[in-house]
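Note sheet for the following structure.
Since the structure is predicted, the reported quantities are computational estimates derived from the model, not experimental observations.
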Amino acid sequence: MRLVVLGCAGSYPSVAAAASSYLVQADDAHGRTWNVLLDLGNGALSPLQRYGDPTTLDAIAVSHLHSDHVADLVVLNVLRRYRPDGPLPAIDVWGPDGTAERLAEMAGKDPATGLDGQFRFRTWDPAAPVVVGPLTLTPVPVEHPVPAFGVLVTGPAEGEPTRAVTLGYTGDTDECAGLDVLAATDLLLCEAGFRDELDDDLRGIHLTGARAGRAAHRAGAGRLVLTHLTAWEDPSDVVAHAASSYAGPIDVATPGATFRL
């Protein structure tokens, strides 16, 4: 299983990065590569075309409905629908209740010709994991001002297809029971959108580097990848705060970075 970072900027695209978006890939026993998109925030369609292929997606997983996680799904619909050789087949989009309505609202009049012609909208059920080829996606409720889910991804290890590995993607969250479930994985892709010491009293919205590190330590995450950092935060400071409680390997997500599990 491979994780490719498409966008990692917190809350809005930065000069260097699109907003949140990640591509998870895994090969099945027949050598077919499966592609699952985790979120597609503002500006992320561009790196999806650079580091992946918008025409070969097998499913899309939406963590929550803030625009920095879903805005470019509207233009992904355009890319897939208005093609010289005709529209592509529809793919499943898994997300919170109201995902179809939220995207239609963002698209304006465009749905008159069919957002759901490209997307089959499905609602997350934490009790019903979703199987996409060799990958299993389990939605995990997390704490954010709107209904939000992290995604626990289970799939075959790179080069060892009979061994299962796990990826926990937090989406946006503060500390909660769901975060600890997501952190008990081989790789924790964890947002750190708030600043330690300055935002310590703001709760129920985002994590800080220290909170992310504590979660990784509590659950025994194999690796911590910090993402959704704000443009004004020094990544080295976020890493230092995370490392104050987590002794494992820590990376900062950057566009195009690939992690092999």
Side-chain angles (χ1 to χ4, degrees), residues 3 5-22 38-39 41-42 44 62-70 139-153 166-255 257 259:
L3 168 68
V5 177
L6 304 177
C8 51
S11 299
Y12 60 86
S14 70
V15 171
S20 295
S21 185
Y22 311 90
L38 303 177
D39 288 341
N42 313 70
V62 172
S63 66
H64 66 287
L65 301 178
H66 282 155
S67 63
D68 61 318
H69 290 256
V70 299
V140 179
V142 293
E143 185 175 358
H144 201 51
V146 298
F149 296 85
V151 183
L152 174 63
V153 185
T166 52
L167 159 70
Y169 170 50
T170 65
D172 286 358
T173 185
D174 198 353
E175 291 176 307
C176 62
L179 174 61
D180 290 347
V181 172
L182 296 163
T185 47
D186 294 293
L187 188 152
L188 174 60
L189 178 61
C190 189
E191 72 107 327
F194 273 171
R195 300 160 294 173
D196 283 291
E197 299 168 357
L198 293 176
D199 296 326
D200 288 346
D201 294 333
L202 296 173
R203 304 308 302 245
I205 305 174
H206 288 296
L207 295 165
T208 64
R211 292 178 207 169
R214 288 198 297 266
H217 171 73
R218 278 195 308 269
R223 185 182 203 97
L224 175 60
V225 179
L226 297 166
T227 191
H228 202 277
L229 276 60
T230 56
W232 50 82
E233 189 71 17
D234 185 337
S236 64
D237 290 340
V238 184
V239 170
H241 286 293
S244 67
S245 57
Y246 175 66
I250 302 175
D251 298 279
V252 174
T254 56
F259 299 90

**Prompt:** Leu189 versus Thr170: any side-chain heavy-atom pair under 4.5 Å?
**Reply:** no

**Prompt:** Closest heavy-atom contact between Pro255 and Ala16?
**Reply:** CG-O, 3.6 Å

**Request:** Can you sort out the partners of Thr227 under side-chain hydrogen bond (donor to acceptor under 3.5 Å, both in side chains), two or more places apart, ordered by chain and number?
**Result:** Tyr22

**Request:** Apply side-chain contact (heavy atoms from CB on, under 4.5 Å) to Pro145 and list each qualifying residue two or more places apart in sequence or on a separate chain.
**Result:** Ile205

**Fill in**
Between Asp237 and Glu233 the two heavy atoms that sit nearest each other are CB-OE2, 4.1 Å

**Request:** List in chain and number order the residues that pass side-chain contact (heavy atoms from CB on, under 4.5 Å) with Ala257, two or more places apart in sequence or in another chain; answer none if no residue qualifies.
**Result:** Val5, Thr254, Phe259

**Fill in**
Closest non-hydrogen contact found for Leu65 with Val70 is O-CG2, 3.8 Å

**Fill in**
Applying side-chain hydrogen bond (donor to acceptor under 3.5 Å, both in side chains) to Thr230 and not counting sequence neighbours gives Trp232

**Request:** Could you list all the salt bridge (charged side-chain N to carboxylate O under 4.0 Å, His left out) pairs where at least one residue sits in residues 176-196, not counting sequence neighbours?
**Result:** Asp180-Arg218, Arg195-Asp199

**Fill in**
On a heavy-atom basis, the closest approach of Phe149 and Pro139 is CD2-CB, 3.8 Å

**Asked** Partners of Val140 by side-chain contact (heavy atoms from CB on, under 4.5 Å), sequence neighbours excluded?
**Response** Leu152, Val181, Leu182

**Item:** Partners passing side-chain contact (heavy atoms from CB on, under 4.5 Å) against Ala219 (at least two apart in sequence or in another chain)
**Value:** Ala183, Ala184

**Message:** Just to verify, what does Asp201 make a side-chain hydrogen bond (donor to acceptor under 3.5 Å, both in side chains) with, not counting sequence neighbours?
**Reply:** none

**Side-chain donor/acceptor of Ser21 to backbone N/O of Asp39, under 3.5 Å** = yes

**Item:** Nearest-0.5 Å distance, CG of residue Asn42 to OG of residue Ser67
**Value:** 4.5 Å

**Request:** Please tell me if the side chains of Leu207 and Thr173 come closer than 4.5 Å, counting only heavy atoms from C-beta onward.
**Result:** yes

**Request:** Mind listing the closest non-hydrogen atom pair of Pro235 and Leu229 along with its distance?
**Result:** CA-CD2, 3.8 Å

**Summary of side-chain hydrogen bond (donor to acceptor under 3.5 Å, both in side chains) pairs that have at least one residue in residues 241-251, sequence neighbours excluded** = Arg223-Asp251

**Asked** Given side chains that start at C-beta, do those of Val238 and Val252 come closer than 4.5 Å, heavy atoms only?
**Response** no

**Prompt:** Under the salt bridge (charged side-chain N to carboxylate O under 4.0 Å, His left out) rule, what pairs show up with a residue in residues 139-150, not counting sequence neighbours?
**Reply:** none

**Prompt:** So which pairs with a foot in residues 200-223 pass ring-ring contact (aromatic ring centres under 6.0 Å, His included), sequence neighbours left out?
**Reply:** His144-His206, Phe194-His206, His206-His228

**Asked** Would you say Cys8 and Ser20 make side-chain contact, with heavy atoms under 4.5 Å?
**Response** no

**Prompt:** So do the side chains of Cys190 and Leu224 get within less than 4.5 Å of each other, counting heavy atoms only?
**Reply:** yes

**Request:** Nearest 0.5 Å please: distance from the CG atom of Leu187 over to the OG1 atom of Thr166.
**Result:** 8.5 Å

**Item:** Donor-acceptor pair between Asp172 and His66 side chains, under 3.5 angstrom
**Value:** no

**Heavy-atom side-chain contact between Leu167 and Thr185 under 4.5 Å** = no

